[in-house]
Amino acid sequence: MGVPGSFPGPAGRPDAPVLDREEVDRALARLGAEYEAIETSLLALQDHAGRRLLEGAGVTGRTKERWAEAERSITVLWALFDAYTAALESARELRARRRWPSPEDLAELTELLHGDGVTVPEADADAAGGDAPGSPAPAGERFSLEGLVARMNGLYARSLDVIVAADAVWSTLPARIDLLSAELQRTRSLAHSVGVRPGEHPAGDVLERITDELVRLRAEVIADPLAYWVSSSTGSSAPGGGRPDTGRYDRAARALEDIRREVAAVLDVRQDAERRLMQLRDVLSRADRTLTEARQARGEVLAKIAASEVPAVSGPSTALHEQLAAAADYRRRAQWHRLSPLLESLEERAEDELLRARESLTAVTAPLAMRAELRGRLDAYRAKLARHGLAEDPLLTERYDVGRRMLWSAPCDLRAAEQAVWRYQQAAAEALAVQREGGEDS
């Protein structure tokens with residue numbers, strides 16, 4: 001979600017000698033940049049979509065526990081950031097007192113920048129403390145700026161890990177489950193239409209079990225997403241290192257695919273004719289839509305392109321539609337001996353009809369494609385001349401304007417426009433050749 005993985009840490013040296021003025025200024029500049037990076041990371045964490053979802057969701061189980069910890073860590077993060085901010089401001093104020101700091105000022109600045117001069121407030125320390133970064137620390141523990149950033153890094157990484165993991169599960173599994181459920185409903189509808197029902201066919205019972213499993217799985221994923229998160233096996237410490245656990249979903253998907261193949265086999269036996277009729281209706285429908293599109297495109301071409309031969313577009317084949325209706329009637333009457341040869345003939349002719357419609361659309365829109373090609377060629381030469389400093393040449397400008405007016409006016413005379421583009425190309429080629437010869441002579 002665009003949240004950085006960790007804060008930058010200052011390269012502090014606890015036992016370093018007293019800094020001089022230039023070293024102090026460089027350290028303050030570096031700390032200022034680090035401050036901006038830390039603040040940006042915290043604000044991004046605050047606005048993370050996964051965080052907003054967790055705040056509004058009634059999570060349970062493992063997610064509830066880890067989110068409660070993450071919320072406490074985020075609260076402490078801001079408190080530690082406030083302490084970091086205060087320490088940085090103190091150092092800036094001390095440095096701003098004098099243009100040329102005294103030795104005492106430099107010693108104090110060195111302590112502020114590299115010493116253990118930041119004290120965590122007692123209430124915040126109880127929530128944040130410990131020895132490891134991101135774990136609890138004793139009340140009133142003193143930190144160097146480097147140590148404070150390390151502590152914030154730990155808290156930040158743990159919090160972000162929870163948010164990113166939950167968001168990844170919520171972004172992946174529910175959508176997959178919904179798609180699989182939709183496929184399940186379609187399979188159930190087909191299964192019922194051929195008598196594959198619960199209690200009557202084993203596949204019908206399996207469909208019911210898959211339905212119940214998907215309902216339960218979706219509810220559990222929404223309530224406890226981290227229960228379906230597998231951490232990275234590589235040991236990566238990057239927040240969100242891992243993947244959603246799709247094991248139960250995959251098993252349900254495989255079971256549904258097995259049922260779908262079984263239902264398809266039944267359909268091939270009992271409903272082969274209906275399947276072929278549906279395919280024929282689809283092919284003829286696509287052919288009709290393509291012819292309609294061709295007729296509309298022809299009107300557009302006639303309005304926008306002049307002096308161009310635009311072929312006429314025929315209407316849909318009424319004979320094919322009449323024969324398709326006859327085939328459906330044969331199926332209803334179970335007249336399979338008549339239906340079979342008619343379907344074979346219709347399937348071949350329907351594909352021919354679709355091919356004819358597509359060819360008609362291509363032929364009708366050819367002038368528009370040619371106009372688009374000429375426009376592109378004209379602008380390409382214009383850009384080439386501009387790169388060579390010839391765009392403002394009067395002759396070239398005049399010929400470009402002529403071509404542009406022709407190509408961007410309606411109706412467009414393609415033959416005249418093509419000649420105008422050709423003349424512009426010729427003039428451009430001559431100008432470029434002259435320019436090259438002039439460069440060689442010099």
Side-chain angles (χ1 to χ4, degrees), residues 1-5 8 29 32-33 36-37 40-41 43-44 47 49 286-316 351-442:
M1 306 299 294
V3 180
E36 296 294 336
T40 299
S41 296
L43 291 174
D47 293 336
R286 282 187 284 156
D288 292 348
R289 290 196 301 270
T290 303
L291 287 172
T292 299
E293 184 180 352
R295 285 192 294 274
Q296 294 172 346
R298 186 173 188 272
E300 181 183 357
V301 171
L302 291 174
K304 295 182 176 180
I305 306 297
S308 178
E309 296 180 1
V310 185
V313 180
S314 64
E351 290 294 339
D352 291 342
E353 176 72 1
L354 179 58
L355 178 61
R356 180 181 70 85
R358 288 171 173 168
E359 290 174 346
S360 181
L361 178 61
T362 300
V364 165
T365 56
L368 292 177
M370 182 178 178
R371 186 185 65 175
E373 191 273 334
L374 289 173
R375 285 177 173 181
R377 198 192 312 170
L378 185 72
D379 286 340
Y381 267 86
R382 173 78 167 181
K384 183 176 181 180
L385 290 170
R387 290 196 300 270
H388 288 272
L390 298 172
E392 303 303 324
D393 181 273
L395 175 62
L396 294 173
T397 300
E398 178 187 353
R399 292 195 177 181
Y400 173 82
D401 290 340
V402 169
R404 183 173 179 81
R405 279 195 302 272
M406 289 184 177
L407 288 170
W408 269 268
S409 62
C412 170
D413 188 333
L414 277 182
R415 293 187 179 90
E418 186 177 17
Q419 287 297 319
V421 172
W422 181 83
R423 286 193 296 271
Y424 180 63
Q425 288 179 225
Q426 289 295 106
E430 291 172 2
L432 290 171
V434 169
Q435 186 184 65
R436 283 195 297 270
E437 290 174 0
E440 291 173 358
D441 293 342
S442 62

Check ring-ring contact (aromatic ring centres under 6.0 Å, His included) between Tyr381 and all other residues, then give those that pass, not counting sequence neighbours.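 None.
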Out of curiosity, Leu396 CG to Glu430 CD, how far, rounded to the nearest 0.5 Å? 9.5 Å
Please round to the nearest 0.5 Å and tell me the distance separating atom CD of Gln425 and atom NZ of Lys384.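 If I round to the nearest 0.5 Å, the distance is 10.0 Å.
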Smallest separation among heavy atoms of [X] and [Y], with atom names:
X      : Y      : result
Leu378 : Gly403 : CD2-C, 3.9 Å
Leu414 : Leu374 : CD2-CD1, 4.2 Å
Ser360 : Ala294 : OG-CB, 4.2 Å
Val402 : Ala420 : CG1-CB, 4.2 Å
Thr290 : Ala357 : CG2-O, 3.4 Å

[X]: partners by side chain to side chain contact (heavy atoms under 4.5 Å, CB included), with sequence neighbours left out:
X      : result
Thr365 : Ala297, Leu361
Ala380 : none
Ala386 : Ala391

Answer whether the closest heavy-atom distance between the side chains of [X] and [Y] falls below 4.5 Å.
X      : Y      : answer
Leu355 : Glu351 : no
Val364 : Glu293 : no
Tyr424 : Leu395 : no

Can you tell me which residue pairs pass the salt bridge (charged side-chain N to carboxylate O under 4.0 Å, His left out) test with a partner in residues 368-382, sequence neighbours excluded?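 Passing the test, one end in residues 368-382: Glu373-Arg377.
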Tell me, which pairs form a salt bridge (charged side-chain N to carboxylate O under 4.0 Å, His left out) where one or both residues lie in residues 393-407, sequence neighbours left out?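 Pairs touching residues 393-407 that pass the test: none.
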Verify whether one side chain among Thr292 and Arg289 offers a donor that lies under 3.5 Å from an acceptor in the other. no
Pair Arg356-Glu353, salt bridge (charged side-chain N to carboxylate O under 4.0 Å, His left out): steps then yes or no: CA-CA 5 Å; Arg356 180 181 70 85; Glu353 176 72 1; 2.7 Å; yes
